[in-house]
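All remarks here apply to the structure that follows.
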Amino acid sequence: MTTATELLTLTLPNGDTKEVQAGTTPLQVAESIGPRLAKDAIGAELDGKVVDLRHPLSASGSFRLFTTKSPEAGEFIRHSAEHVLADAVKRLWPEVEIDAGRQDHSEKYQYDFRFPRPFSPEDFETIEAKMVEILAENATFERQELSREEAKDLFTELGETLKLERLGDIPEGETITVYRHGRFVDLCRGPHVQRASQIGAIKLLEASGVYFRGDEANEMLQRIYGTAFGKAKELDEYLQRIEEARARDHRRLGQDLDLFSFNPSAPAAPFFHPKGAVVYKELEQFIRERYAAYGYGEVLTPQILDVELWKTSGHYDNYREAMFFTEADGRELAVKPMNCPTHCLIFAQRLRSYRDLPIRYADFGRLHRYERSGVTSGLMRVRSFCQDDAHIFCTDDQVESEVVAAVHLILEVYRTFGFDDMEIEVSTRPEKAIGSPEMWDRAEGSLKAALDGQEMAYGVDEGGGAFYGPKIDFKVKDAIGRQWQLGTVQLDYQLPQRFSLRYVGADGDEHRPVMIHRAMLGSLERFMGVLIEHTAGAFPLWLAPVQAVILPVSEKFKDYGEGVRRQLAENGIRVELDARGEKLGYKIREAQLQKIPYMLVVGGREEESETVAVRRRAGGDLGALSVAEFSERAKDLISKRSGEL
RNA sequence: GCCACUGUAGCUCAGCUGGUAGAGCAACUGAUUCGUAAUCAGUAGGUCGUAGGUUCAAGUCCUAUCAGUGGCUCCA
């Protein structure tokens, strides 16, 4: 507790310091600086932690005020719009009980309601109109600290039984605060804006049924999502960004570029068309070449295996709901959802010496997992897929160097795709874990040591590991800033034990190998989805289904075009001839929409000089190049998997 | 699996409170032989996701079911 006489020192962004009495609020600080600032202030930050304008300060530190113009204002605005949403719904339907809003207000807000029927699109309009009305009332947001008893009485009186439950979730000793604007009051830790008018533009986005506290066993509530900004212009920009993401949607591009399709005959299992298959196979080939460099042996294993194997591996007990089963000769069989057990069988197939280790098996086998119908999505979450999956069997001593090599390999692969911005996370021992704490400590130690040795920055997800071992996850950021988890390196002490794997050590005794699960792109299907959205369908040259298209200016130059086509095709370039009797502009437009890297225009001038006029997808005309020169340059770029001419 | 929404021509979509389907693009045919993002004209194309039901009458209303979308939950 601070005494009223205690002085705090606030360091302002410009370096000045300001002495204030403990218990002073940021709003009072703003007022002491100037009336204009006090009016525009929306929130504050003390030592990097966001504080509400009305929250009494109790510590010194670096201090900043946010105004309606600060980029940070959005958090305050959306959090407050959330209360306005709840207020609007309560005003329209007083019998509704409110639950709670959202933690993260970086983009959206949401509120859950107990309401006997779902909200309809018409309700949205009504609610939005009511929210606008509330904003116009321009009520001030007020913060109030209550004792637990007072809070209990308040929400009992209001008939908010869900709120009473939420109140029970707050640990003893924590300050309980409520925020009011007008007649609406909500249990909330803030922070909020000063006045409703600081919320400039609101929009409701979507509705959903959700379980109370996220537990499937609980009753279902109705959730409404929305977003809000200080200015209408910012809202428009946000909606435009959503539009941009929609234009990149891999499902749409998959259709437009004729890459893949889905069919109800096999829900959530993609059919790759010839063009999509080119990309898929190129990805596979790329990975395969890396395997050669890093000492992996590629294996091929069966698709359908006796259920006994899955009992041995533990998948039957832990993973059965996600597996497909069949039956033959009176035996129960399972379609493989993972490659690891089959690799254990190959390892165990003969007596292994420590001299054989590490052994690295890579597998592009097809996997099938039953994903619940509501969770599948395009290529991102499918039921039939393949991973760039490998399992490394090694000794305890080799773990660290194997992890280092795997990390190297992963980074090398990402660099090829231009994924430079990435996040690495180490997940440690979860509550439900097998194996001794010492073993876990050692395993986690070697993962961290491997990353430290490479001077890689990483975060730690305490308790986020799998029950059988700790792991490293790799997340990359795509062109529009979204994060995707792709690669993983996981240590596994469980499976070698279950399959009684062993090797003969230098000491002549039998030892248990360690198994490392490792994926780089993750599932090829999903990676392709990510790549399509990252590149907006404009694949790098080496992956482009059609790398160049020859466009005769008129049908008169069809024969010359065909000659060029053959010459390039002979050189291994994926090339097409567009011999249709259309005008050049039309064919260019079409090639451009198909995102073909090079358009080779051929007409009289080119035929004369045995050249092609090169137009790039990315814009810019390269002028006339001889067929041989274009061919050489393209081949070179393709083989280096680099950018474009 | 749960909540909401969607399903009409190859694609994108229109079709008001029920009165037996329409546009643009694509396809096909013909004309045009063309120089860097859409040449013109014509033709053909749909048991309105599927199955029931209500009705004199269903793309439109009801029920079931399949698939998809956005969320929730799940993702050893």
Side-chain angles (χ1 to χ4, degrees), chain A residues 108 110 112 115 117-121 123-124 205-225 242 246 249 251-252 255-256 258 261-268 310 313-323 337-338 340 369-378 380-383 430 432-434 465-469 471 485 490 492 494-495 517 522-523 526 549 551-558 579-594 599-606 613-617 619-624:
Chain A
K108 294 177 180 180
Q110 68 190 37
D112 296 354
F115 194 44
R117 65 171 178 86
F119 292 105
S120 68
D123 292 335
F124 267 41
L205 299 171
E206 60 233 0
S208 163
V210 294
Y211 304 105
F212 181 57
R213 288 203 179 108
D215 186 340
E216 260 177 282
N218 287 341
E219 72 169 301
M220 189 156 261
L221 306 176
Q222 305 297 325
R223 175 175 296 172
I224 297 177
Y225 291 87
I242 292 181
R246 202 196 306 272
D249 189 315
R251 291 165 299 197
R252 180 185 206 89
Q255 161 78 29
D256 291 349
D258 197 17
S261 61
F262 289 89
N263 188 286
S265 305
W310 306 106
S313 71
H315 288 99
Y316 191 82
D317 285 337
N318 291 308
Y319 204 67
R320 196 178 348 166
E321 295 73 40
M323 291 170 67
M338 295 180 197
C340 21
R369 297 183 189 172
Y370 174 76
E371 299 281 0
R372 294 163 95 187
S373 63
V375 308
T376 58
S377 172
M380 298 303 188
R381 188 97 174 253
V382 290
R383 289 180 177 164
K432 201 184 98 186
I434 56 131
F467 70 92
Y468 51 74
K471 60 173 180 173
Q485 204 230 293
Q490 309 188 356
D492 187 351
Q494 154 103 335
L495 223 44
H517 303 251
S523 122
R526 181 160 176 278
V549 61
L551 308 177
V553 167
S554 80
E555 282 176 287
K556 276 194 287 196
F557 308 103
K558 204 168 111 180
R580 296 174 302 171
E582 297 288 350
K583 291 174 78 167
L584 181 62
Y586 180 87
K587 295 199 276 196
I588 284 179
R589 177 183 153 81
E590 207 153 89
Q592 192 72 43
L593 292 175
Q594 286 295 307
M599 286 153 257
L600 309 178
V601 176
V602 294
R605 297 200 289 274
E606 287 74 22
V614 184
R615 183 189 209 274
R616 302 193 315 163
R617 156 183 78 183
D621 204 324
L622 293 181

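Below, all heavy atoms of this structure are taken into account, side chains as well, without hydrogens, waters or symmetry copies. The sequence lines fix the lettering, A, B, ..., with proteins before strands; numbering per chain opens at 1. Fair warning: this is a prediction, and the values are worked out from it, not measured in the lab.
Here Arg251(A) lies in heavy-atom contact (under 4.0 Å) with sugar-phosphate atoms only. Residue contacts shown for Gly603(A) include a base, since a base heavy atom lies under 4.0 Å away. Contacts of Ala624(A) with the nucleic acid, taken as non-hydrogen atoms under 4.0 Å apart, are absent. Counting non-hydrogen atoms under 4.0 angstrom, Arg381(A) reaches a base of the nucleic acid. No contact: Gly469(A) has no heavy atom under 4.0 Å from any strand. Looking at heavy-atom distances under 4.0 Å, Met599(A) makes no contact with the nucleic acid at all. Within 4.0 Å of Gly581(A), counting heavy atoms only, lies at least one base atom of the nucleic acid. Contacts of Ala591(A) with the nucleic acid, taken as non-hydrogen atoms under 4.0 Å apart, are absent. Among the atoms of the strands shown, base atoms are found under 4.0 Å from some heavy atom of Glu606(A). Within the nucleic acid shown, Gly604(A) comes within 4.0 Å of at least one base atom, counting heavy atoms only.
Only the C1' atoms considered, A38(B) is 28 Å distant from A21(B), to the nearest whole Å. Nucleotides C3(B) and G59(B) place their C1' atoms 26 Å apart, quoted to the nearest Å. On the P atoms, G7(B) is 13 Å away from U50(B), given to the nearest whole Å. Atom C1' of A57(B) sits at a distance of 8 Å from the matching atom of U20(B), rounded to the whole Å. Using C1' as the reference atom, C62(B) and G24(B) are 34 Å apart when rounded to the nearest Å. Between the P atoms of C40(B) and G45(B), the separation comes to 24 Å (whole Å). Atom C1' of U60(B) sits at a distance of 31 Å from the matching atom of U43(B), rounded to the whole Å. Atom P of G15(B) sits at a distance of 15 Å from the matching atom of G22(B), rounded to the whole Å.
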Please tabulate, one pair per line, each protein N/O and nucleotide N/O from nucleotides 1-4 of chain B that are separated by under 3.5 Å, including the distance.
unit_1: G1(B); atom_1: OP2; unit_2: Ser373(A); atom_2: OG; d: 2.2
unit_1: G1(B); atom_1: N7; unit_2: Gly374(A); atom_2: N; d: 3.3
unit_1: G1(B); atom_1: N2; unit_2: Tyr211(A); atom_2: OH; d: 3.1
unit_1: C2(B); atom_1: O4'; unit_2: Tyr211(A); atom_2: OH; d: 3.2
unit_1: C3(B); atom_1: O2; unit_2: Gly209(A); atom_2: N; d: 3.4

Measure all distances between protein nitrogen or oxygen atoms and nitrogen or oxygen atoms of nucleotides 24-29 of chain B, and list the pairs falling under 3.5 Å.
unit_1: A26(B); atom_1: OP1; unit_2: Tyr586(A); atom_2: OH; d: 2.9

Between the protein and nucleotides 42-52 of chain B, are there any N/O to N/O pairs under 3.5 Å, and if so, what are the atom names and distances?
none

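Distances were taken from every side-chain heavy atom of Leu584(A) (C-beta onward) to each of U32(B), G35(B), A76(B); the shortest belongs to G35(B). Each of G35(B), A76(B), G70(B) was ranked by its minimum atom distance to the side chain of Ser377(A); first place goes to G70(B).
The NZ-C1' distance, from Lys558(A) to G35(B), rounds to 19 Å in whole Å. In this structure, CD of Gln592(A) is placed 14 Å from P of U36(B), rounded to the nearest angstrom. Straight-line distance from the NZ atom of Lys587(A) to the P atom of A38(B): 14 Å, rounded to whole Å. To the nearest angstrom, C1' of G71(B) lies 14 Å from CD1 of Ile242(A). At whole-Å resolution of the value, CE in Met323(A) and P in C75(B) are 17 Å apart. Between the P atom of A37(B) and the CD1 atom of Ile588(A) lies a distance of 6 Å, rounded to the nearest Å. The distance from atom CG of Asp317(A) to atom P of A76(B) is 16 Å, rounded to the nearest whole Å. Whole-Å rounding puts the Arg605(A) CZ to C34(B) P distance at 13 Å.
Between Arg589(A) and Glu582(A) there is no salt bridge, since no side-chain N of the basic residue sits under 4.0 Å from a carboxylate O of the acidic one. A salt bridge is absent between Arg213(A) and Asp215(A): the closest approach of a Lys/Arg side-chain nitrogen to an acidic carboxylate oxygen does not fall below 4.0 angstrom. With salt bridges taken as basic N to acidic carboxylate O contacts below 4.0 Å, none links Arg615(A) and Asp621(A).
Under the side chain to side chain donor-acceptor pair (under 3.5 Å) criterion, Ser261(A) pairs with His273(A), sequence neighbours left out. With sequence neighbours excluded, the residues that form a side chain to side chain donor-acceptor pair (under 3.5 Å) with Asn263(A) are Ser265(A). Taking the side chain to side chain donor-acceptor pair (under 3.5 Å) definition, one finds that Glu321(A) meets it with nothing, sequence neighbours left out.
Each of Cys340(A) and Val602(A) was assigned the nucleotide of RNA chain B with the nearest heavy atom; the assignment lying further toward the 5' end belongs to Val602(A). Residue-to-nucleotide proximity on RNA chain B shows that, of Asp249(A) and Arg213(A), the 5′-proximal contact is made by Asp249(A).
In a base pair of the Watson-Crick type (N1 to N3 plus N6-O4 or O6-N4) or a G-U wobble (N1-O2 and O6-N3), with each distance short of 3.5 Å, U32(B) is matched with no nucleotide. Base pairing of C74(B): no nucleotide in any strand meets the Watson-Crick or G-U wobble criterion (both distances under 3.5 Å). Pairing for A23(B) goes to U12(B), judged as Watson-Crick or G-U wobble with the two contacts each under 3.5 Å. Across all strands shown, the partner of G52(B) is C62(B), judged by Watson-Crick or G-U wobble contacts whose two distances both fall under 3.5 Å. Of all nucleotides present, only U6(B) satisfies the Watson-Crick or G-U wobble test against A67(B), with each distance under 3.5 Å.
With respect to Asp249(A), the salt bridge (Lys or Arg N to Asp or Glu O under 4.0 Å) criterion is satisfied by exactly one of Arg251(A), Arg252(A), Arg246(A): Arg251(A).
At A37(B), one or more side-chain N or O atoms of Arg615(A) fall inside 4.0 Å of OP1 or OP2 (strictly under the cut-off). Lys556(A) has a side-chain polar atom (N or O) that falls below the 4.0 Å cut-off from OP1 or OP2 of C34(B).
Counting heavy atoms from C-beta outward, Phe467(A) and Gln494(A) have side chains that approach closer than 4.5 Å. Inter-residue side-chain proximity for Gln592(A) and Met599(A) is flagged as met; some heavy-atom pair is nearer than 4.5 Å.
Taking the six-membered ring where tryptophan is involved, the planes of Tyr319(A) and His315(A) are perpendicular, since the angle between them exceeds 60° and thus also 30°.
For NZ of Lys108(A), the number of neighbouring non-hydrogen atoms (other residues, nucleotides, ligands) closer than 6.0 Å is greater than 12.
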